[in-house]
A.B. asks: 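Below is the structure I would like to discuss, written out as structure tokens.
Throughout, numbering of the chain's residues begins at 1 and tracks the sequence.
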Amino acid sequence: MLTSKQKKHLRAESHDVQPIFQVGKAGVNENMTKQINEALEKRELIKVSILQNCFEDNKQVAEEIVEATNAHIVQVIGNTIILYKESKENKQIQLP
């Protein structure tokens, strides 16, 4: 789990990050979680936006992605989920 200090640091880091995935009415699927996992390995910190036509609760969507990718939820704010997962080969972010 991430400490509140680490989450604060990651929120600051994620400020300029643009969402690279969108969850729509189809919800979260296996293909999407696979791509999210690959993106997390490359970038460590990503944003996922939830579209208006998604019928699931934002926190529920975040939990599904986390379950499938073993990432950490940094924050769910509005329709945006900020995710962090330490990269095995492309370590870029130093946590406090």
A.B. asks: Can you list every side-chain hydrogen bond (donor to acceptor under 3.5 Å, both in side chains) pair that touches residues 49-77, not counting sequence neighbours?
C.D. replies: Asn58-Asn79
A.B. asks: Closest heavy-atom contact between Leu40 and Ala71?
C.D. replies: CD1-CB, 3.7 Å
A.B. asks: When the side chains of residues 26-38 are checked against the rest of the protein, which donor-acceptor pairs come out under 3.5 Å, sequence neighbours left out?
C.D. replies:
from: Asn29; atom 1: OD1; to: Asn31; atom 2: N; distance (Å): 3.3
from: Asn29; atom 1: OD1; to: Met32; atom 2: N; distance (Å): 2.7
from: Thr33; atom 1: OG1; to: Asn29; atom 2: O; distance (Å): 3.4
from: Thr33; atom 1: OG1; to: Glu30; atom 2: O; distance (Å): 2.8
from: Asn37; atom 1: OD1; to: Lys85; atom 2: NZ; distance (Å): 2.8

A.B. asks: Just verifying a value: how many Å separate Glu44 CD and Tyr84 OH, rounded to the nearest 0.5 Å?
C.D. replies: 4.5 Å
A.B. asks: Establish whether Val48 and Ile82 are linked, either directly or via other cluster members, by ILVMFWY side-chain heavy-atom contacts under 4.5 Å.
C.D. replies: no
A.B. asks: Show me the donor-acceptor pairs, under 3.5 Å and distance only, between side chains in residues 86-96 and residues at least two apart or in other chains.
C.D. replies:
from: Ser87; atom 1: OG; to: Glu41; atom 2: O; distance (Å): 2.7
from: Ser87; atom 1: OG; to: Glu41; atom 2: OE2; distance (Å): 2.9
from: Ser87; atom 1: OG; to: Glu89; atom 2: N; distance (Å): 3.4
from: Ser87; atom 1: OG; to: Asn90; atom 2: N; distance (Å): 2.8
from: Asn90; atom 1: ND2; to: Glu41; atom 2: O; distance (Å): 3.3
from: Lys91; atom 1: NZ; to: Ile93; atom 2: O; distance (Å): 2.8

A.B. asks: Verify the cluster assignment for Val66 and Val74: are they in a single hydrophobic cluster under the rule of side-chain heavy atoms below 4.5 Å apart?
C.D. replies: no
A.B. asks: Is there side-chain contact between Leu83 and Ile73, with at least one heavy-atom pair below 4.5 Å?
C.D. replies: yes
A.B. asks: List, one per line, each side-chain donor-acceptor pair under 3.5 Å for residues 11-22, sequence neighbours excluded.
C.D. replies:
from: Ser14; atom 1: OG; to: Leu10; atom 2: O; distance (Å): 3.4
from: Ser14; atom 1: OG; to: Arg11; atom 2: O; distance (Å): 2.9

A.B. asks: Who are the side chain to side chain donor-acceptor pair (under 3.5 Å) partners of Ser4, not counting sequence neighbours?
C.D. replies: none
